[in-house]
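In the text below, chain A, chain B and the rest are named by the order of the sequence lines, each starting its count at 1. Source: prediction; values computed, not measured.
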Amino acid sequence: MAQTTDRRRIVGPESSAPPVFEIDEQKRSQDPPLPSRSKRSPRDIRPIFLQTGLISQANGSAYIETERTKIACAVYGPRQLKNTAYSEKGKLNVEVKFAPFSCTRRRAPMKDAEDRPISLLIAQSLLPSIRLELFPKSSIDIFITVLENDGTEGCVAAGATAASAALADAGIELIALSTSCSASVIGDGPEIWLDPTEEESKAARGTMTVSYLPALGTLTNVWQTGKMSPDEAMQCVEKCVERCTDIHHVVSKTLLDSAQARLGSNP
Amino acid sequence: MAYVSKSENSYITTSLLAGIRADGRSPTDYRNISLEIGVVPVANGSARARVGETEVVAAIKLEVEDVGEGENEGRDGGRVLCHVSCTPSAYPHHSLSALDELSDELSSLLQSILSHTLTPSEQLTLVPGKKAWFISLDALILSDAGNAHDALFIAARAALWDLRIPYTRGIEFDIKDGEVVVGDSEGIGRMIGRKRTVDFELPDLLDDGVPLEGRDSLPVCISLNLLPPTHFLDASLQEEQSVLSRLLLFFSFPQPSPTSTLYGTRFIGPNELPFNMLKPLVKDGEKYARELAEALNKKLKQEESQVSAPMSAFG
């Protein structure tokens, strides 16, 4: 009897779509206005919160938050490389995972296409700074979990900075701390906005992410996409490098604080 | 992969620092580049590029897609999807998972450069808001004797040069005084003024399509192999294994203007790059890229005239 239908009721169609009005269509065809920066100046980056040693199980760990980018990072190692051929240098493995709830659209928890390029970029930012020649036959594993994502560029930059802090926290020998910063070229002006959010990097003509060793004055990663003139690219690098030096203060302060806290707790 | 021992490594790097290479080239010389277009008859555009012994085949298939909001739906202005396969024959010493990793890496690189270069383009929109072209570019690395990046982009560029987008005509209709008026984009629709293209048709024409707009300013890839204080181009397999750091630059040269555009920069390698070296490197890279782009354009024009010559005999 459950199959009977009410004949007096008008049955609607199985699928439906909202009506599209002519005004809506006009509105949609217009380009979305460029986001404007009212809260911070183009040269400012988002405030950074960084803390090390949050994941007690790992050899070293760090948590970084730059407004709506939230990343946790754990370092395991150096540990023995099993079932592989002898290697004279240590191996660096970086694995980036996005939490399913990290983006506006749900990310399937399985393998997806964006993780690997980001892992490679972060690995590149760190690789020149680690003294891998000291760890033959071993590997250093870095696991990065993105809890909230606000733009790929910001994610790579914050992830690489956090990973470098976590490596230092793990006591792995580095030649210098690696810090990263991103920039975007907006409009034909052109304006250069540092540390773009997701919205801003979508509106940008091109983006540039730079990893820098402020202590040595050398670059470890230069990643540029989109369209920009060579001059604009160089300006972006210069501005990023300037900010990387500032970020270096944040990272070294955090490491100093955590070291002092550790000394204080077990004298 | 041929393993380079420590003594070989130091032999190669010392001679490179003195500007001497095993095959007698100067540091800024490329090996012989050969290029063929139209090698895959079933594709909409294809090419085979050889740089020395490195060989890459690229082919493009075109599809029509519905425009939508989803991840795998079309966009106004077209959509590009690139995939690079590294064949086991090119990398006999790699495990399958290592091959996949390498393929993914190259695919994402090609994708990020070409999606910014090719889309959004008016040429790839068929019916605004409804239908658009979908370009899928597949490249196959058949053998890798060093400098696969440059060879890959040469092949992809040539395939895009060879691409012919079928000529289409929009169909429009308008409701006027309760009557449906049907016309094409050159016809009635325009006269009424309130035209709206709803579909398209493929007119039966003799020629097979129109080439991609701005195909002579597609980007080229230049890998600068870094051996501070010098750099060299087009590393052979052994050189690639002795000198691990390189800077990839993707330059495009919009034709009438003397300016250049950077479509990508990528640094790869276990050594750091001194900050003050970057600027001169980009400047040098631009010079090499311009030479390469000009030479490729010249070769492609010549190649095209050879391919189309026997065809015109029938027309």
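Interface summary for chain B: among A/Leu219, A/Thr220, A/Leu127, the most heavy-atom pairs under 4.5 angstrom belong to A/Leu219. For chain B, the option among A/Ser211, A/Gly217, A/Gly226 with the highest count of heavy-atom pairs below 4.5 Å is A/Gly226. When A/Leu213, A/Asn221, A/Asp231 are compared by the number of non-hydrogen pairs under 4.5 Å with chain B, A/Asn221 comes out ahead.
Heavy atoms of other residues, nucleotides or ligands lying less than 6.0 angstrom from CZ of B/Phe275 number more than 12.
At a threshold of 4.5 Å between non-hydrogen side-chain atoms, the residues A/Phe135 and A/Lys89 do not count as touching. At least one side-chain heavy atom of B/Gln238 sits under 4.5 Å from a side-chain heavy atom of B/Glu8.
Contact annotation for A/Leu121: only side-chain heavy atoms (C-beta onward) come within less than 4.5 Å of a heavy atom of chain B. Both the backbone and the side chain of A/Glu238 come within contact range of chain B, each with at least one heavy atom under 4.5 Å from a heavy atom of that chain. Contacts of A/Leu132 with chain B are absent, with no heavy-atom separation under 4.5 Å from either backbone or side chain. Proximity to chain B is limited to the side chain of A/Val241, based on heavy atoms less than 4.5 angstrom apart. Proximity to chain B (any heavy atom under 4.5 Å) is shown, for A/Leu126, by neither the backbone nor the side chain. When heavy atoms are compared at a cutoff of 4.5 Å, B/Thr259 does not approach chain A at all. Using a 4.5 Å cut-off between heavy atoms, B/Phe250 makes no contact with chain A at all.
In this structure B/Asp284 satisfies the side chain to side chain contact (heavy atoms under 4.5 Å, CB included) test together with B/His231, B/Tyr288, sequence neighbours excluded.
B/Ser252 contributes no side-chain N or O that, together with a main-chain N or O of B/Pro219, makes up a donor-acceptor pair within less than 3.5 Å. Looking only at distances, no side-chain donor or acceptor of B/Glu105 sits under 3.5 Å from a matching main-chain atom of A/Pro117. Between the B/Ser103 side chain and the B/Cys86 main chain, a donor and an acceptor come within less than 3.5 Å of each other.
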